[in-house]
Amino acid sequence: MKRTHTCGELSTKHLNEQVTLEGWVHSRRDHGGILFVDLRDRYGLTQVVFNPTNLTEEDYPKAESLRDEYVILVQGKVVPRLEGTENEKISTGEIELVAEHFEIQNIAQTPPFLVSEEGEISESLCLKYRFLDLRRPMVQNNFIQRHQIVRTIRNYLDDNRFLDIETPVLCRSTPEGARDYLIPSRTHPREFFALPQSPQLYKQCLMMAGMDRYYQVAKCFRDEDLRADRQPEFTQIDLEMSFVDEDDIFQLIEGLMKSVFANVLGKDLEIPFLRISYDDAMNRFGSDKPDMRFDMEISDLSKEVQDVDFRVFKQVIESGGAVKCIVAPDCAKYSSGEIDKLRKKAESFGANGLAWFKVTSEGAQSPIAKFFTSDQIEKIQKKSGASEGDLLLFVAGEKNMVHDVLGKLRLEMAERLGLIKDDLFVFAWVTDFPLLEWDEEASRYVAMHHPFTSPKECDQESWDANPQNLRARAYDIVLNGVEIGGGSIRIHKKEVQEKMFSFLGISTEEANDKFGFLLKALSFGAPPHGGIALGLDRLVMLLLGQRSLRDVIAFPKTQKASCLLSAAPSEVDDSQLKGLSLKFLDEE
RNA sequence: GGGGGCGUAGCUCAAUUUGGUUAGAGUGCUUGACUGUCGAUCAAGAUGUUGCGGGUUCGAGUCCCGUCGCUCCCGCCA
């Protein structure tokens, strides 16, 4: 015997039909003479009534033995609920199933937490019993929606002529980027594979192979420390296109997001997205992933305060730094204690201090007001757009630090003041990233995006003049202040790629050793190409309004990168180590 | 590598500030009663290595040291 329906589909349309359901006992209500069981599967709940008058003498006591999470099969008749006992909370609430025959397919231990309970349960317990946690309808819903999102993306890319091509998981370890997960090779003692941080070079090779448009729902691995929005193993919607420029990528992704919003969330998404250059993003929002759901932009007051008799500001300006501020609306009422907390916050972000002004009807109120003329105060007020009742927060110092601190303070204040509306999705493209970044530790330039990103200027003069000023043809896509993807137009000329390597301090020999296959491929007719990778987990997390990636990954790792369900990683047998020619250092 | 938070009954939490009788509540669990519940109700009952180890003390869930786990953040994440 098998089920004829799921637990979510019976309605008054099925009245008087003989049906069979299978599922889990979600909850039971035993009234002595009559017993109600809510039967659950992925599709919903159906109330089953066990009444002695409809059951054999052996079956009724068996029904009384039912407990939470038992798996049963029930056969019976669909009947309307008695008037006044309908349940509006469930889709099948107008009917119930009168059990005439049933089988207990499996009993269950008392679960460590209630599947039917909606409250919070400690995360480690959920992960240890993830198979139970995933039974909870609220949790299950995330994965049903995640599936819908992926399906929509696949359909959209298919409609746009993309080929889904798999790339290896056992890869070559390459310098640059995050720490690799390494896999020792048995067949090549002393040698290692690396798990891919992204399929970057393979997808470029596919473009050189004339595949024209590639995509993949690709697992990527980075052996770095975790955060709420960072797992060591994550999924990218990875894609690459030939004969395109930035606008082609933007339009493709805007269309993709529009499709996802329409099909999954039932919302109309406005396109095209906002576009902002890296420099603008830093100057206006203090971040390369600006949350543009609210304003509170940063104002540069360096010019306005250059003649002010306040030593801190004066020294900063003289040494080439900047004085900038944000305006916290309606915060002039803050007590000195509250402002002191903000100062500490700012200092924890890296500031040397926090200067402030309250804008009141009697003018600027601040311990440093005495250093300013009324004309200067007026100019500051005008430039920052502050009005009566507002609080101005100043940070002075080296430009990057000022941006960083004010950017973080801006987010802090927005959260405090509730300026961010729920249910708002604001996408933005961040463009014109610097090509290179100076790495203090290694005392050399490193690629800000990756070494295969095309510079905007390929001529020797620009390169020689000032490498810091070189811009990349790279772009990030930002949603509500979270980076959900990034990509670039790639280098497709061998000479440019070689120049890039040499700039990064990678010698010709090393380049040939580690990236020889790419350089070779570039020399056999590589088309202009570019692409992007979207962080699927982050995207799903944001679209579903979840706080952690763990909510949208079926079997996530803990912050120490272990799996509580399977207890991975684990020790292995000595024989396994021997087969891999491995030995622990402390055994030598 | 660094900083913060948490760890008490199966689960969620209280008792920790100020060390002091037998570590409590809700829920779940067990048993019983009950023929229309849906967070069923009512009655009775069982359940503790206070994460682990050490120390201080007449006395430690509470204070100190160490350690483990979970979590948030900084570093790190091309």
Side-chain angles (χ1 to χ4, degrees), chain A residues 26-39 45-54 60 64 67-69 79 81-90 92-93 96 98 109-129 132-133 174-180 197-198 200-201 220-232 234 345 348-350 404 408 433-437 439-442 445-453 472 474 476 483 486-488 500 504 506 533 535 547-548 550 556-562 564 567:
Chain A
H26 189 64
S27 67
R28 68 183 227 292
R29 295 174 292 282
D30 187 350
H31 285 248
I34 190 170
L35 176 68
F36 300 95
V37 163
D38 289 338
L39 199 64
L45 291 174
T46 303
Q47 174 163 282
V48 181
V49 186
F50 293 88
N51 193 318
T53 57
N54 299 304
Y60 191 73
E64 284 184 308
R67 290 294 179 273
D68 284 356
E69 302 309 312
V79 302
R81 294 219 188 169
L82 298 181
E83 209 175 321
T85 66
E86 300 88 352
N87 186 349
E88 286 171 14
K89 290 183 208 157
I90 58 176
T92 61
E96 62 195 12
V98 178
Q109 282 180 31
T110 301
F113 53 85
L114 284 178
V115 172
S116 55
E117 205 167 67
E118 279 171 24
E120 292 288 304
I121 293 152
S122 86
E123 194 129 357
S124 47
L125 197 73
C126 287
L127 293 183
K128 189 172 172 188
Y129 293 94
L132 290 179
D133 187 38
T174 52
E176 308 287 308
R179 190 179 293 114
D180 281 327
Q197 295 178 30
S198 86
Q200 185 59 35
L201 294 178
C220 303
F221 307 85
R222 294 176 190 176
D223 189 4
E224 299 289 350
D225 286 335
L226 289 81
R227 292 284 188 283
D229 63 351
R230 257 166 42 191
Q231 282 272 314
F234 61 101
K345 202 97 201 176
S348 78
F349 294 147
D404 193 46
K408 286 173 175 160
F433 277 85
L435 182 70
L436 305 165
E437 221 174 355
D439 184 331
E440 287 291 344
E441 217 171 295
Y445 283 110
V446 294
M448 191 158 185
H449 186 58
H450 60 49
F452 320 108
T453 298
D476 276 357
E483 181 200 326
S488 62
M500 187 71 184
L504 298 176
I506 300 172
R547 296 176 146 259
S548 166
R550 291 183 296 273
K557 303 277 190 288
T558 67
Q559 195 157 39
K560 279 262 178 74
S562 54
L564 294 181

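A, B, ... follow the sequence lines: proteins, then strands. Residue 1 opens every chain. Computed from heavy atoms alone, side chains included, the values below leave out hydrogens, waters and symmetry copies.
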Base, sugar-phosphate, or nothing: which does A:T92 touch, judged by heavy atoms less than 4.0 Å apart? nothing
May I ask you to evaluate whether A:S122 reaches the phosphate of B:rC70, defined as a side-chain N or O under 4.0 Å from OP1 or OP2? no
From the candidates B:rC29, B:rC77, B:rU30, the one with an atom nearest any side-chain atom of A:D68 is B:rC29
Output the rounded distance in Å from CD (A:Q231) to C1' (B:rC70). 14 Å
Under the salt bridge (Lys or Arg N to Asp or Glu O under 4.0 Å) test, which residues partner A:E123, sequence neighbours left out? A:R550
Closest approach of A:F433 and A:D476, non-hydrogen atoms and distance? CZ-OD2, 3.4 Å
Can you check nucleotides 72-75 of chain B for protein contacts, nitrogen or oxygen pairs under 3.5 Å, and list what you find?
{"residue": "B:rC72", "atom": "OP1", "partner": "A:R550", "partner atom": "NH2", "Å": "2.7"}
{"residue": "B:rC73", "atom": "OP2", "partner": "A:A228", "partner atom": "N", "Å": "3.3"}
{"residue": "B:rC74", "atom": "OP2", "partner": "A:R227", "partner atom": "NE", "Å": "3.0"}
{"residue": "B:rG75", "atom": "N7", "partner": "A:R227", "partner atom": "NH2", "Å": "2.8"}
{"residue": "B:rG75", "atom": "O6", "partner": "A:R227", "partner atom": "NH1", "Å": "3.0"}
{"residue": "B:rG75", "atom": "O6", "partner": "A:R227", "partner atom": "NH2", "Å": "3.2"}
{"residue": "B:rG75", "atom": "N1", "partner": "A:D225", "partner atom": "OD2", "Å": "2.6"}
{"residue": "B:rG75", "atom": "N2", "partner": "A:D225", "partner atom": "OD2", "Å": "3.2"}

Report which part of the nucleic acid A:E437 touches: base, sugar-phosphate, or nothing (heavy-atom distance under 4.0 Å, all strands). nothing
Looking only at atom C1', what distance separates B:rU41 and B:rU27, rounded to whole Å? 16 Å
Any strand, both distances under 3.5 Å, Watson-Crick or G-U wobble: B:rC70 pairs with B:rG5
Specify the residue among A:E120 and A:A178 whose closest nucleotide of RNA chain B lies further upstream toward the 5′ end. A:E120
Any chance you could list the contact pattern along nucleotides 33-44 of chain B? Use B for base contacts, S for sugar-phosphate-only contacts and - for none, protein heavy atoms under 4.0 Å, 5' to 3'. -BBBBBSB----
Taking the P atom of each, how far is B:rU17 from B:rA60, in whole Å? 15 Å
Write down the protein N/O and nucleotide N/O pairs, taken from nucleotides 3-10 of chain B, whose separation is under 3.5 Å; answer none if there are no such pairs.
{"residue": "B:rG10", "atom": "O2'", "partner": "A:P112", "partner atom": "O", "Å": "2.9"}

Integer angstrom distance from the C1' of B:rG26 to that of B:rG20: 27 Å
Expressed in angstrom and rounded to an integer, what is the separation of A:D439 atom CG from B:rC77 atom C1'? 13 Å
Quick one: closest heavy-atom pair of A:T558 and A:L226, and the distance? O-CD2, 3.2 Å
Expressed as a whole number of Å, how far does the P atom of B:rG32 sit from that of B:rU16? 40 Å
Using the P atom as the reference point in each nucleotide, state the distance between B:rG55 and B:rC11 in Å, no decimals. 29 Å
Sorted by chain and number, sequence neighbours left out, ring-ring contact (aromatic ring centres under 6.0 Å, His included) with A:F36 holds for A:H31
Please give, in whole Å, the distance from B:rG1 C1' to A:R179 CZ? 11 Å
Sorted by chain and number, sequence neighbours left out, ring-ring contact (aromatic ring centres under 6.0 Å, His included) with A:Y445 holds for A:W438
Complement of B:rC58, any strand, by Watson-Crick or G-U distances under 3.5 angstrom: B:rG20
A:H450: what forms a ring-ring contact (aromatic ring centres under 6.0 Å, His included) with it, not counting sequence neighbours? A:F452
Taken in chain and number order and not counting sequence neighbours, the residues that satisfy side-chain hydrogen bond (donor to acceptor under 3.5 Å, both in side chains) with A:Q197 are A:D180
For A:I121 and B:rC70, give me the distance from atom CD1 to atom C1', rounded to whole Å. 15 Å
Atom-to-atom span, CZ of A:F221 to C1' of B:rC77 - whole angstrom: 16 Å
Please list, chain by chain and in numerical order, all residues satisfying salt bridge (Lys or Arg N to Asp or Glu O under 4.0 Å) with A:E176, sequence neighbours excluded. A:R444
Write down the distance separating the C1' atoms in B:rU12 and B:rG28, rounded off to the nearest Å. 11 Å
A:S116 meets the side-chain hydrogen bond (donor to acceptor under 3.5 Å, both in side chains) criterion, sequence neighbours left out, with none
Holding to side-chain hydrogen bond (donor to acceptor under 3.5 Å, both in side chains), I want the full list of residues that pass it with A:T92, two or more places apart in sequence or in another chain. none
Under 4.0 angstrom, heavy atoms only, what part of the nucleic acid is A:E117 near: base, sugar-phosphate, or nothing? sugar-phosphate
N or O in side chain of A:T110 less than 4.0 angstrom from B:rC11 OP1/OP2: no
If the C1' atom of B:rC76 is compared with that of B:rG3, how far apart are they to the nearest Å? 15 Å
What residues, two or more places apart in sequence or in another chain, satisfy side-chain hydrogen bond (donor to acceptor under 3.5 Å, both in side chains) together with A:D68? none
On a heavy-atom basis, which atom in A:A474 and which in A:S488 lie closest, and how many Å separate them? CA-CB, 3.8 Å
Can A:Q47 and A:R29 be counted as having a side-chain donor-acceptor contact under 3.5 angstrom? yes
Which part of the nucleic acid, if any, lies within reach of A:S116 when heavy atoms closer than 4.0 Å are counted: base, sugar-phosphate only, or nothing? nothing
What integer distance in Å separates A:E176:CD from B:rC76:P? 15 Å
Sticking with atom P, work out how far B:rG5 lies from B:rG10, rounded to a whole angstrom. 27 Å
